[in-house]
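Only one structure is covered here, and it is reproduced in the block below.
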Amino acid sequence: MLAPPDLLIPTHLTAERADPSRSLAYADGAFLPLAEATVSMRDHGFMYADMTYDVLQVWRGGIFRLEDHLDRFFASLAGLRLDPGLSREEVRGVLRELVRRSGLDYALLYLCCTRGETPPGIRDPARARQRLLANITPLVLRGQPAEFRRGWHARIVGEVRRIPPDSVNPRWKNSHWGDLSRALWLARDAGYDTAILLGQDGNVAEGPGFNVVALTEEGLLSPAEGVLEGIACRTMFEIAARLGIPARYGTLSPEALQAAKEAFATMTSTGLFPITRIDGRPVGEGVAGPVTVALVNEYYRLKDAGWHITPAA
Ligand code: PLP
């Protein structure tokens with residue numbers, strides 16, 4: 001059981017302290033206040049989810065794992081046959097400029113490419129003018145210490161399977177969230193905080209906006225197939241290696257997850273968030289466990305020391 005001082009989570013990044021007036025957007029070559037940036041109702045990204053996006057974190061004025069996010073963004077663009085007409089260097093420049101102009105030291109960067117609009121009566125995606133859009137907003141850190149210790153109570157929603165990877169490739173980051181949203185509503189209806197979805201094979205896939213990691217007898221295990229290759233999960237695995245904790249991607253059955261000693265969700269916005277109850281039963285002691293806390297503490301220690309951070313200036 002953990003006393004509050006054991007957790008090194010920064011406590012200043014709360015909704016009350018965030019200043020939304022510093023939010024900024026980039027659209028079509030210009031930087032402008034976020035509220036002034038718009039997307040057409042006829043954009044195929046809005047109408048058909050014909051778009052891709054990525055989310056990056058700004059920490060102490062620099063961008064965390066910038067090149068890894070750019071790798072994933074450009075792989076998603078290629079996979080989805082999107083091309084906003086900007087080079088990698090130019091996209092990198094947009095992101096760094098958003099950080100510089102906003103003056104935000106702790107923020108989230110949202111980057112997307114939408115298919116754009118086609119002339120009325122024409123549905124041909126090849127006739128659309130694609131758009132690169134981006135914005136920066138202050139980082140509000142979910143998982144403040146009290147919330148973190150309680151963790152999430154998750155339901156494995158077996159009745160809504162993750163969309164098959166050969167229909168929508170989950171490695172190309174996409175907004176086809178029909179399955180994730182439906183599972184989340186079902187979990188909420190049953191009194192849970194969040195949902196964990198299974199893949200078509202009945203094994204654990206991922207949740208609405210996060211990868212799932214279980215601590216088993218052999219070490220950390222996260223699903224290898226049918227999921228987004230989460231950058232926060234990779235981060236936690238790198239930290240685990242530093243701490244001498246074995247970690248691997250593989251097959252995670254729902255039973256193995258239910259029997260895990262600890263479990264957590266990983267996502268860029270928060271890094272890691274404990275899952276302390278699954279299907280009504282406690283995971284381990286039913287609070288954030290020692291491995292989870294060791295990982296998150298090391299995560300903040302390393303980031304504060306500039307690990308994987310590209311300065312914006
Ligand atoms: N899985 C899904 C479906 C997601 O949407 C996300 C993040 O948005 C993740 C996993 C976690 O990815 P990352 O750690 O790169 O933020």
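Here the structure is a predicted model, which means the values were calculated and not measured. Order of listing sets the numbers, starting from 1, for every ligand and every atom in it.
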Minimum-distance protein heavy atom relative to [atom]:
atom	value
atom 14 (O) of ligand 1	A232 N, 2.9 Å
atom 7 (C) of ligand 1	K173 NZ, 3.2 Å
atom 3 (C) of ligand 1	E206 OE1, 3.5 Å
atom 16 (O) of ligand 1	T268 OG1, 2.7 Å
atom 11 (C) of ligand 1	N211 OD1, 3.6 Å

* Asked: Cut-off 3.5 Å, side chains only: do T235 and H308 have a donor facing an acceptor?
  ->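 Short answer, no.
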* Plane angle bin for W59 and Y300 - parallel if under 30°, tilted between 30 and 60°, otherwise perpendicular ->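 Answer is tilted, since the angle falls between 30° and 60°.
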* Asked: Does CZ in R81 sit with more than 12 non-hydrogen atoms of other residues, nucleotides or ligands closer than 6.0 Å?
  ->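 Open.
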* Asked: Under 6.0 Å from the CD atom of E159, do we count more than 12 heavy atoms belonging to anything else shown?
  ->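 Count over threshold, so yes.
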Verify the ring-centre separation between [Y] and [X]: is it less than 6.0 angstrom?
X	Y	answer
Y106	H12	yes
F264	F273	no
W152	F210	yes

* How far does CG of L257 sit from CG of L221, to the nearest 0.5 angstrom? ->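 Taking CG in L257 and CG in L221, the distance rounds to 9.5 Å.
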Using a strict 4.0 Å cut-off to heavy atoms of [X], name the atoms of ligand 1 that fall inside it.
X	result
W177	5 (O)
G230	12 (O), 13 (P), 14 (O), 15 (O)
F210	1 (N), 2 (C), 4 (C), 6 (C), 9 (C), 10 (C)
T266	11 (C)

* Within less than 4.0 angstrom of ligand 1, does V55 place any heavy atom? ->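 No heavy atom of V55 comes that close to ligand 1.
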* Asked: Under 4.0 angstrom from ligand 1, any heavy atom of E229?
  ->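 Checking ligand 1 against E229, which is what was asked, there is no heavy-atom contact under 4.0 Å.
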* Asked: Nearest heavy atom to atom 15 (O) of ligand 1: which of R72, M267, M236, H69 does it belong to?
  ->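 The residue whose heavy atom sits nearest atom 15 (O) of ligand 1 is R72.
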* Any nitrogen or oxygen of L228, main chain or side chain, under 3.5 Å from a nitrogen or oxygen of ligand 1? ->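 Between L228 and ligand 1, no N or O pair is found under 3.5 Å apart.
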* **K173 NZ/CZ over F73 ring centroid, <6.0 Å and within 45° of normal** =>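 Cation-pi check for K173 and F73: fails.
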